[in-house]
Amino acid sequence: MGSWGTLGPALLSLAGVALGAGGSIFGQYIVSRATTRQLEVQESAAHRAELKNAVLKFLGIASQVEKATLTRPVSDGTTDDAVLDRLVDDLWLAQAEIDLAARSEPLRGSAFRYAFSLVQAVRGEIADSSALRGPQAQFMDAAYDDMWPGQRRATGDSAAPR
């Protein structure tokens, strides 16, 4: 009985130390997971913001190219051609910016196809703006998928969300 009197407190102290160490390690694991998740969320938000800026810049230039192309008079005006050439250069630079910022190949490809369609319109190979809507819609869908992977895009219905 005397041995339990000396051995018991030592074993209980050892068990307390083991439980404390285990709890401390488990706590650090939980904190590490939470920190990792916060970092992933911050990186995702930063990517979305960067890509959103690139997409908006690209769409702004694409709109200018489309407007300048489809409203230009048939003439040999070098001033209009110089402005359009500058816009096309800006369009390709904006497309390259998306190419660098995108996480997915579908977005890179659809940005290129949309830009190429616009250049075809500049060259006079496309005369109707409706031919640009398909590549534009594919680009917008790919941009949405890249910014919010795994989420469905709203279809534009006016019904209230559930």
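Computed from heavy atoms alone, side chains included, the values below leave out hydrogens, waters and symmetry copies. Keep in mind that what you see is a predicted model, and the values were worked out from it rather than measured.
The list of side chain to side chain donor-acceptor pair (under 3.5 Å) pairs with a residue in residues 14-32, not counting sequence neighbours, is empty.
For A68 against L87, the heavy-atom pair with the smallest separation is CB-CD1, 4.2 Å. Taking both residues in full, the closest heavy atoms of R103 and E43 are given as NH2-O, 3.8 Å, listed atom of the first, atom of the second, then distance.
Interatomic distance, L51 CG to W148 CH2, rounded to the nearest 0.5 Å: 9.0 Å. Here the straight-line distance linking atom CD1 of I30 with atom OG1 of T35 works out to 11.0 Å at 0.5 Å rounding. For the atom pair N53 CG and I98 CD1, the distance stands at 11.0 Å (nearest 0.5 Å). To the nearest 0.5 Å, atoms CD (E66) and CG (L59) are separated by 10.5 Å.
Put simply, the side chain of R48 reaches to within 4.5 Å of the side chain of S44, judged on heavy atoms. With contacts defined as side-chain heavy-atom distances shorter than 4.5 Å, the pair D146/H47 qualifies.
With hydrophobic clusters built from ILVMFWY side chains whose heavy atoms lie under 4.5 angstrom apart, W92 shares a cluster with V83.
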Side chains of residues 108-115: which donor-acceptor pairs under 3.5 Å do they make with residues two or more places apart or in other chains?
unit_1, atom_1, unit_2, atom_2, d
R108, NE, D99, O, 3.1
R108, NH2, A102, O, 2.6
S110, OG, P106, O, 3.0
S110, OG, L107, O, 3.2
R113, NH1, G109, O, 3.4
Y114, OH, Q136, NE2, 3.4

Checklist entry - Taking it one step at a time, do Q64 and L91 satisfy side chain to side chain contact (heavy atoms under 4.5 Å, CB included)? => result CA-CA 9 Å; Q64 290 175 7; L91 178 70; over 6 Å; no
Checklist entry - So L118 and T69, side chain to side chain contact (heavy atoms under 4.5 Å, CB included) or not? Walk me through it. => result CA-CA 9 Å; L118 287 165; T69 300; over 6 Å; no
Checklist entry - Going through the distances and angles, do Q95 and I61 end up as a side chain to side chain contact (heavy atoms under 4.5 Å, CB included)? => result CA-CA 10 Å; Q95 184 273 329; I61 295 170; over 6 Å; no
